[in-house]
Amino acid sequence: MGPLFTQGTAADYHEGMLLVQMRDGGTPAGAGAVGGSAGKASGFAGQFGAGPSGGLSALSYYERAGLLSRVTPLARGRARFAGHTLVAGDDDADGSLVLGLADRAEGSAAATLRNVAGYGGARDGAKTSLVELARDEEVKPLQLALANDPNIASVSRVPIRYLAARPRSGDDSTIAAAPPPAASMWNLRAIRWAQARALAGFIEADNLKVAVLDSGVDLGHPDLASQVRGYTYAHPTTPGSSSDQDLIGHGTHVAGTIAAAINNNLGVNGICHCDLHVWKIFDDQPDFQFDGASGMFVYYVDPLMYRRALLDCVEENVAVVNLSIGGRGAPDLTEAGAFADLMANGTTVVAAMGNERGQGSPTSYPAAIAGVVAVGATGLEDRVTGFSNSGNHITIAAPGDAIWSTLPTYPGQTSWQAVQGSDGRWRQGKAETREVNYDAWRGTSMAAPHVTAAVALLLANGGARGPAAVRQALIAAADKVAGMNGAAFHPDYGYGRLNLEKLLQDARSAALGKAA
Amino acid sequence: MADVFFKLRPDLGKVDREGVLRRIESLPGVSHAAPVKPEARSPALLAYCFARIDDGSDAESLATILQEMPEVQSADTPARRGLPNI
């Protein structure tokens with residue numbers, strides 16, 4: 001079984017196409033042109049790195065390798081690359097520009113992109129070109145290389161758009177290529193998010209400090225830029241460090257579910273406004289994992305960054321911590337001690353139950369640490385998903401299937417295939433790349449942040465602080481869903497599925513009763 | 001490279017704490033020993049420490065040595081944590 005992230009990406013894209021938007025002005029045509037041409041087309045993107053024009057050099061390589069079909073500026077009247085030649089546009093009627101561009105050593109395709117960089121004034125679309133490749137499998141490596149080029153503002157695949165009545169053809173047929181209208185997100189409907197926010201006297205969680213300890217966050221994401229107030233990814237006083245990049249995208253997805261900007265006519269809606277701080281607890285180097293037959297390179301939590309983040313949360317008096325991580329090993333005394341300190345401080349810790357239902361739901365930590373709010377995942381029909389771990393330590397369930405949220409605006413990967421060399425050593429092979437900007441993912445990792453955000457809103461709206469009180473409030477307000485067969489507790493659902501409206505109603509009623 | 005995590009007795013003063021860390025750092029195979037959060041204000045948080053060992057050194061053996069030190073309350077190699085898989 002591969003990692004979580006490879007399965008939720010059922011979005012449909014046009015084969016072999018990329019939209020590339022140049023930065024305003026960009027590097028002058030011809031500058032920094034063309035790297036070497038050695039290497040195979042697939043997986044070579046790293047050769048070009050993040051140099052001054054590594055992405056455009058990659059494009060030139062594709063052109064010389066005959067892998068490029070067309071480069072078409074979206075702006076009318078500009079020169080375009082087609083059929084291995086540069087074709088004059090209406091605005092280049094005398095052909096002089098075409099000759100000037102085509103003469104460059106970097107080739108015609110890159111020149112076509114550069115030609116639109118300073119064009120079109122404020123309209124970004126005028127700086128965008130459609131790049132068409134001969135083979136779809138070349139799209140990802142080229143996308144990675146272009147995304148690293150400082151001359152390029154953005155690069156993305158081209159989603160296919162459907163009529164609303166798209167027929168069901170399989171398990172994931174309901175997942176579209178772009179987020180649904182924010183107002184129609186199924187997960188928010190399931191927890192009665194809109195009704196909760198419409199309650200009289202509703203108070204936003206702006207003053208509640210919420211921590212996400214995860215793979216990082218993309219602070220440049222337009223749906224998160226104004227929402228994340230703190231980001232810790234490196235520590236000058238401890239050895240080893242990490243970049244600010246969320247390579248995996250997991251933390252950006254979790255952060256978006258909690259706090260993506262609400263009703264900003266962009267992407268998705270988060271559940272609350274809060275004082276969101278993100279700690280990156282993964283380093284950037286994947287570790288080799290071998291299952292006895294095959295191997296892969298995956299990212300594991302860096303134990304020092306993780307413990308350091310937990311202690312930061314103790315000292316910074318964080319109200320609620322989200323931990324969408326897991327592992328079968330019981331906590332050592334320092335991990336357990338940090339959790340005890342957090343909870344003694346009044347911090348609520350929310351953790352994912354884990355996604356190994358198919359392997360018998362092994363106990364996963366930190367979800368199974370005493371006092372932690374352990375969250376399982378329900379699907380669109382309000383039933384436990386096929387992956388969500390079952391267990392007597394589960395507290396509550398929340399939506400965790402086909403959850404649309406934010407992803408970094410730059411490419412990244414969730415893991416790498418491992419390839420055994422002739423010397424017997426394993427090396428990183430093809431990357432399991434993820435989408436950019438937005439995608440629908442599934443997992444108890446996606447369910448946990450629903451509860452984390454709900455806890456922040458609970459505390460903002462009069463709920464008593466402290467893990468025991470919060471846990472009791474969540475339990476009392478949860479909906480008993482059909483799969484529980486009338487029981488008060490079920491190892492698949494805990495005490496039921498999160499109901500945000502009832503949670504806040506109860507809190508406000510209790511606060512008013514106390515005041516009276 | 002691996003880390004062993006340990007907790008010092010919280011009643012140790014600054015001088016004693018630094019002395020113990022220097023002793024641990026001088027053990028063969030240990031490249032660094034320090035508090036997890038060296039700038040922490042609380043002595044309780046300063047008690048959380050780690051020792052980084054060189055490649056080829058045995059983390060379990062170091063944990064056993066640390067457990068036997070009177071200033072050390074507990075010492076362990078960490079359990080692996082990752083992102084939940086499907």
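In the text below, chain A, chain B and the rest are named by the order of the sequence lines, each starting its count at 1. Computed from heavy atoms alone, side chains included, the values below leave out hydrogens, waters and symmetry copies.
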**Fill in**
Note: vs chain B, highest number of non-hydrogen pairs under 4.5 angstrom among D214(A), D302(A), I281(A), L333(A) is L333(A)
**Request:** Against chain B, label E335(A) side chain, backbone, both or neither, depending on which of its atoms sit under 4.5 Å from a heavy atom there.
**Result:** side chain
**Asked** Taking C49(B) as the fixed residue, which of V36(B), L21(B), I24(B) is the one that meets the side chain to side chain contact (heavy atoms under 4.5 Å, CB included) rule?
**Response** L21(B)
**Request:** Kindly indicate whether the side chain of E60(B), heavy atoms from C-beta on, has any atom under 4.5 Å from the side chain of T77(B).
**Result:** yes
**Request:** With a 4.5 angstrom heavy-atom cut-off, could you sort out which part of S31(B) is near chain A: side chain, backbone, both or neither?
**Result:** neither
**Message:** If the threshold is 4.0 Å, N to carboxylate O, is there a salt bridge linking D312(A) and K37(B)?
**Reply:** yes
**Salt bridge present between R23(B) and E25(B) (N-O < 4.0 angstrom)** = no
**Fill in**
Honestly, the part of Y365(A) sitting under 4.5 Å from a heavy atom of chain B is both
**Segment of N389(A) engaging chain B (4.5 angstrom heavy-atom cut-off)** = neither
**Asked** Salt bridge between R357(A) and D492(A), side-chain N to carboxylate O under 4.0 Å?
**Response** yes
**Asked** Quick one: what part of T334(A) sits under 4.5 Å from any heavy atom of chain B, side chain, backbone, both or neither?
**Response** both
**Message:** Students often mix this up, so state it plainly: with edges at 30° and 60°, are the rings of F297(A) and F288(A) parallel, tilted or perpendicular?
**Reply:** tilted
**Message:** Looking only at heavy atoms and a cut-off of under 4.5 Å, which of A2(B), P78(B), A79(B), S42(B) has the most pairs with chain A?
**Reply:** P78(B)
